[in-house]
Amino acid sequence: MISIQTEDFDLGTEYQLLRQAAGDAGAIVTFSGLVREIYDSEQSSGEKIATLYLEHYPGMTEKSLQLIADQAGRKWSLLATRIIHRVGSLKPKDQIVYVGTASAHREDAFAAAQFIMDYLKTNAPFWKKQSSNTDSHWVESRQADSAAIERWQENSND
Amino acid sequence: MLTIHYFASIRESLEKNQEQLELPVSVTTIDELIAHLVALNPHFKTVVANNNKLLVAVNQTVVDRSFALSKNDEVAFFPPMTGG
């Protein structure tokens, strides 16, 4: 299941929902991403972020995330998958993204969660704008995020 | 009628979220659409045509610039994605 929302999410509740949905799972992996106070990008002036604004493309966002979840489901044996991404105005330390995967064994749950996060970073239409007290700019995409995707493509014949 | 959406830095630079356009018969690909939009609005050249990182989606799927358009397509221009 996929949710795009402005509201926060509760990890405990999400874990229990995944556990219920997953039937006879032997492993559940949950990942949560948080807003950082200082981004280590080239354009970063080292100034602390006051707010992080998340824009997205309604419709395409859900479609892209479903596609990524389906791809993960074909690559690994998953019993349940959950993705939550927040949009709108966030502050440092806020939760921004959640990925939960359930599987019979840990290998599939771990790999699928990482795969979903790697693809979400570069293939789902979200854009971050960070503002400090004096300045604001759109966050540039990172080469490391594209490299993370290439790694899965190299391994696609495994 | 073609619908065109703009997002993030592209939206801010063009000062619009979206527009609707009757597709001229001479415009059949994304590349030709970009050339057409530049002719309508010179500012489009700096924001879109000269932006080699620009991504284009048609009907909510990222495509390359040789993609063949249909008259009622939903097109979107945006910078590389930075979610997560």
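All chains are named by letter (A, B, ...) in the order of the sequence lines, taking the proteins before the strands, and each is independently numbered beginning at 1.
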Within the supplied structure, the quantity of interest is the number of heavy atoms (other residues, nucleotides, ligands) at a distance under 6.0 Å from [X] [atom1]; does it exceed 12?
X	atom1	result
A:Glu7	CD	yes
A:Lys63	NZ	yes
B:Arg65	CZ	yes

Does one hydrophobic cluster hold both [X] and [Y], with members joined at side-chain heavy-atom distances below 4.5 Å?
X	Y	value
B:Leu37	B:Phe78	no
B:Leu55	B:Tyr6	no
A:Phe9	A:Ile2	no
B:Leu21	B:Ile30	yes
B:Leu54	A:Met60	no

- Query: Atom OG1 of B:Thr82 and atom CZ of A:Arg142: how far apart are they, to the nearest 0.5 Å?
  - Reply: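 One gets 11.0 Å once the value is rounded to the nearest 0.5 Å.
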
- Neighbours of chain B found in residues 112-127 of chain A - heavy atoms under 4.5 Å: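 Counting heavy atoms that sit under 4.5 Å from chain B, the residues of residues 112-127 of chain A involved are A:Met117, A:Leu120, A:Lys121, A:Thr122, A:Asn123, A:Ala124, A:Pro125, A:Phe126, A:Trp127.
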
- Considering all heavy atoms of both residues, which atom of B:Phe7 and which atom of A:His56 are nearest to each other, and what is their separation?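 Heavy atoms only, the tightest pair is CE2-O, 3.5 Å.
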
- How far apart are the closest heavy atoms of A:Pro58 and B:Gln60, and which atoms are they?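 Nearest heavy atoms, A:Pro58 then B:Gln60: O-NE2, 3.9 Å.
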
- Best-contacting candidate, B:Pro80, B:Pro79, B:Ala8, against chain A by heavy atom pairs under 4.5 angstrom: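 Max contact count across the listed options: B:Ala8.
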
- Item | Student check: side-chain heavy atoms of B:Met81 and A:Asp145 closer than 4.5 Å |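 No, side chains not in contact.
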
Without placing hydrogens or testing angles, list every side-chain donor-acceptor pair under 3.5 Å for residues 17-34 of chain A, not counting sequence neighbours.
| residue | atom | partner | partner atom | Å |
| --- | --- | --- | --- | --- |
| A:Arg19 | NH1 | A:Gln16 | OE1 | 3.3 |

- Message: Main chain of B:Ser9, side chain of A:Lys129: is a donor-acceptor contact present, judged purely on distance under 3.5 Å?
- Response: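 No; judged by distance alone, with no hydrogens or angles, the pair does not exist.
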
